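The first residue of the sequence shown is numbered 1, and numbering continues consecutively from there. Predicted model only: the values in this text are computed from it and were never measured.
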Amino acid sequence: MDIKSAIILITSASSMLGSTLAVHFAHLGAKIILCDQDKFGLMETFARCKAISQDVHYYHTPDYSLETIHRLFDFIDQTYHGAPDVLVNNWPNASLPPLIGEQRAEVFLQKLAMMASTLFTLGQASAERMRINNKPGVIVNVISQNDEYDLAGIENANSMVS
C-alpha cells in the first residue's frame with residue numbers, strides 16, 4: 001500500500017498516540033481523517049496536521065454509538081468518495097484497576113466492556129465499508145496510555161486486544 005494515496009482514519013486523535021500518528025502520516029502525505037470525542041484536543045491535532053498537509057479532515061464524535069459511527073463513515077465517503085484504507089482504532093485507556101484490590105469489579109467490567117465494544121464496532125463498520133468499496137484495507141487496534149508515568153493496568157487491556 002502506498003501511504004501517499006492512502007486514506008487513514010485515526011480514532012481518539014487527541015490522545016498522545018493518536019496525535020503522534022496523525023502528524024507522522026501527514027508527513028508521509030496520507031489523506032487523514034481524525035476523529036475524537038474531545039473536540040478541543042481534536043482541533044489541536046487537526047491544526048498540527050494542517051500545518052503539514054492540506055489533506056486532513058476531522059470529525060467530532062460526541063459518542064461511539066452505531067449511528068455516530070455510520071455518520072463518520074458517511075462523512076469519509078462524501079469527503080473521499082470511498083472508505084478508509086487504514087483504520088487506526090486507538091483507545092486511550094485510563095488505568096484499569098488491578099484484579100486484586102479494593103475497587104469493585106463493576107468498574108473494571110464497565111471500562112473493559114466499553115473498550116471492547118468501541119474497538120469492535122468501529123472495526124466492524126470499517127471492514128464493512130472497505131468490503132463495499134473493494135478495498136483490502138488494514139485495521140490496527142491499539143490501546144495507549146496517555147499518562148506515560150502511570151502504566152498500571154495497561155498490560156491487562158493490551159492482553160484483551162491481543
Side-chain angles (χ1 to χ4, degrees), residues 1-94 114-151 154-155 157-162:
M1 174 185 311
D2 181 17
I3 295 298
K4 284 188 178 186
S5 62
I7 301 167
I8 300 177
L9 170 60
I10 301 174
T11 66
S12 299
S14 72
S15 69
M16 281 193 300
L17 179 62
S19 184
T20 301
L21 289 171
V23 168
H24 174 73
F25 285 122
H27 278 294
L28 294 177
K31 298 171 181 81
I32 302 170
I33 303 279
L34 307 168
C35 74
D36 203 306
Q37 288 182 291
D38 174 2
K39 193 169 190 174
F40 179 76
L42 177 63
M43 297 311 297
E44 284 183 341
T45 300
F46 175 70
R48 290 179 62 207
C49 291
K50 199 71 170 173
I52 300 163
S53 169
Q54 294 303 305
D55 215 349
V56 179
H57 296 84
Y58 68 91
Y59 189 89
H60 177 244
T61 50
D63 56 45
Y64 286 110
S65 67
L66 192 54
E67 182 180 331
T68 298
I69 291 170
H70 284 299
R71 284 196 308 260
L72 166 63
F73 283 98
D74 290 343
F75 171 76
I76 296 168
D77 190 43
Q78 292 167 1
T79 302
Y80 289 115
H81 308 292
D85 296 291
V86 177
L87 165 63
V88 178
N89 204 359
N90 176 28
W91 183 263
N93 194 22
M114 179 179 284
M115 176 190 68
S117 173
T118 302
L119 287 172
F120 178 79
T121 305
L122 278 160
Q124 184 180 47
S126 186
E128 179 65 17
R129 296 291 179 115
M130 290 172 180
R131 185 189 62 78
I132 290 169
N133 287 273
N134 291 322
K135 288 198 172 187
V138 176
I139 298 172
V140 181
N141 291 318
V142 292
I143 295 178
S144 62
Q145 188 69 26
N146 270 341
D147 184 351
E148 61 187 283
Y149 300 107
D150 181 15
L151 299 177
I154 193 71
E155 68 281 352
N158 281 331
S159 295
M160 295 298 179
V161 170
S162 295

Q) Can you list the residues that meet the side chain to side chain donor-acceptor pair (under 3.5 Å) rule with N90, with sequence neighbours excluded? A) S15, S144
**Q.** L72 and L9, any side-chain heavy atoms less than 4.5 Å apart
**A.** yes
(Q) Can you give me the closest heavy-atom contact between G82 and N133, atom names plus distance? (A) CA-OD1, 3.6 Å
Q. Under 4.5 Å between any side-chain heavy atoms of W91 and V142, yes or no?
A. no
Q.
Tell me every residue that passes side-chain contact (heavy atoms from CB on, under 4.5 Å) with T68, counting only those two or more places apart in sequence or in another chain.
A. T61, P62, D63, S65, R71
Q) If every non-hydrogen atom of A83 is compared with every non-hydrogen atom of M130, which pair is closest and at what distance? A) CB-N, 3.9 Å
Q: Go through the structure and list residues passing salt bridge (Lys or Arg N to Asp or Glu O under 4.0 Å) with E44, not counting sequence neighbours.
A: none
Q: Any chance you could lay out the side chain to side chain contact (heavy atoms under 4.5 Å, CB included) test for V56 and L34, step after step, and finish with the verdict?
A: CA-CA 8 Å; V56 179; L34 307 168; 3.9 Å; yes
Q. Quick one: salt bridge (charged side-chain N to carboxylate O under 4.0 Å, His left out) pairs with a partner in residues 7-22, sequence neighbours left out?
A. none
Q. Roughly how far apart are T121 OG1 and H70 NE2, rounded to 0.5 Å?
A. 9.0 Å
Q | I7 side, atom CD1; H81 side, atom NE2 - distance, nearest 0.5 Å | A | 9.5 Å
Q | Any residue meeting side chain to side chain donor-acceptor pair (under 3.5 Å) with D74, in chain and number order, not counting sequence neighbours | A | R129
**Q.** Spatial distance of atom OG (S126) from atom CD1 (I69) [nearest 0.5 Å]
**A.** 10.5 Å
Atom pairs and distances, side-chain donor-acceptor, residues 17-30, under 3.5 Å, sequence neighbours left out:
unit_1 : atom_1 : unit_2 : atom_2 : d
S19    : OG     : T45    : OG1    : 3.4
S19    : OG     : R48    : NH1    : 2.4
T20    : OG1    : M16    : O      : 2.7

Q) SG of C35 to CZ of F46: how many Å apart, nearest 0.5 Å? A) 14.0 Å
Q) Stepwise, does the side-chain hydrogen bond (donor to acceptor under 3.5 Å, both in side chains) test hold for S14 with D36? A) CA-CA 7 Å; S14 72; D36 203 306; 2.8 Å; yes
Q.
For Q37, give me all partners under side chain to side chain donor-acceptor pair (under 3.5 Å), at least two apart in sequence or on another chain.
A. none
Q | Test item: I32 and Y58 side chains (from C-beta on) under 4.5 Å apart, heavy atoms | A | no
Q. Taking only residues two or more places apart in sequence, or in another chain, which ones meet D38 in a salt bridge (Lys or Arg N to Asp or Glu O under 4.0 Å)?
A. none
Q) Under a 4.5 Å cut-off applied to non-hydrogen side-chain atoms, are P84 and I76 in contact? A) yes
Q. Which pair of heavy atoms, one from G123 and one from N89, lies closest together, and at what distance?
A. N-ND2, 3.7 Å
Q. For the atom pair NZ (K31) and CD1 (I8), what is the distance rounded to the nearest 0.5 Å?
A. 10.0 Å
Q. Under the salt bridge (charged side-chain N to carboxylate O under 4.0 Å, His left out) rule, what pairs show up with a residue in residues 12-24, not counting sequence neighbours?
A. none
Q. For the side chain of K39 and the backbone of M43, is there at least one donor-acceptor N/O pair under 3.5 Å apart?
A. no
Q.
Show, in sequence, the C-alpha distance, side-chain angles and deciding distance for L87 and I10, and conclude whether the side chain to side chain contact (heavy atoms under 4.5 Å, CB included) test is met.
A. CA-CA 6 Å; L87 165 63; I10 301 174; over 6 Å; no
Q. Applying salt bridge (charged side-chain N to carboxylate O under 4.0 Å, His left out), which residue pairs with at least one partner in residues 76-92 are found, sequence neighbours left out?
A. D85-K135
Q | Counterpart residues, side-chain contact (heavy atoms from CB on, under 4.5 Å), relative to F75 (two or more places apart) | A | I33, H57, Y59, T79
Q | Residues that D2 engages under side-chain contact (heavy atoms from CB on, under 4.5 Å), provided they are two or more places apart | A | K4, S5
